[in-house]
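A short write-up of the structure that comes next.
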Amino acid sequence: MSKYDRLWQYIKDDKTSDFELSFDEVEKAAGLPIDHSFLRYKKELLDYGFEVKKISLKNKTVKFHQL
């Protein structure tokens, strides 16, 4: 079980197509603060039909893309 399973399930259940979430929204959906390990775990999202398209540190956002 991944520490980001809750976030991946939220994305699978509630999102369609491409979308963007702020870091705060990601943390709320995940139920934990995001940290550098997010970069390692993001590949798990492929199993849910999505991918992380872009992480903007400047804007503090994450763009997701539905496969």
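These numbers come from the heavy atoms of this one structure, side chains and all, not from hydrogens, waters or symmetry mates. Numbering of residues begins at 1 and proceeds along the displayed sequence. Computed from a predicted model, the values in this text were never measured in an experiment.
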Take Lys3 and Ser37 through the test side chain to side chain contact (heavy atoms under 4.5 Å, CB included) and record every step on the way to the result.
CA-CA 10 Å; Lys3 70 183 200 175; Ser37 70; 3.0 Å; yes
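- Here the side chain of Gln66 pairs a donor or acceptor atom with the backbone of Ser17 at under 3.5 angstrom.
- The local environment of NZ in Lys12 is sparse, with at most 12 non-hydrogen atoms from other residues, nucleotides or ligands closer than 6.0 Å.
- For the 3.5 Å distance criterion, the side chains of Ser22 and Asp24 fail to qualify, holding no donor opposite an acceptor.
- With respect to Glu51 and Lys53, a salt bridge is recorded, a charged nitrogen being found less than 4.0 Å from a carboxylate O.
- In this structure, the side chain of Asp5 engages the main chain of Ser2 through a donor-acceptor pair within 3.5 Å.
- Side chains of Thr61 and Lys54: a donor-acceptor N/O pair is absent below 3.5 angstrom, by distance only.
- In the hydrophobic clustering, where aliphatic and aromatic side chains (Ile, Leu, Val, Met, Phe, Trp, Tyr) are joined below 4.5 Å either directly or transitively, Tyr41 groups with Tyr4, Leu7, Trp8, Tyr10, Ile11, Phe19, Leu21, Phe23, Val26, Leu32, Ile34, Phe38, Leu39, Leu45, Tyr48, Phe50, Val52, Ile55, Leu57, Val62, Phe64.
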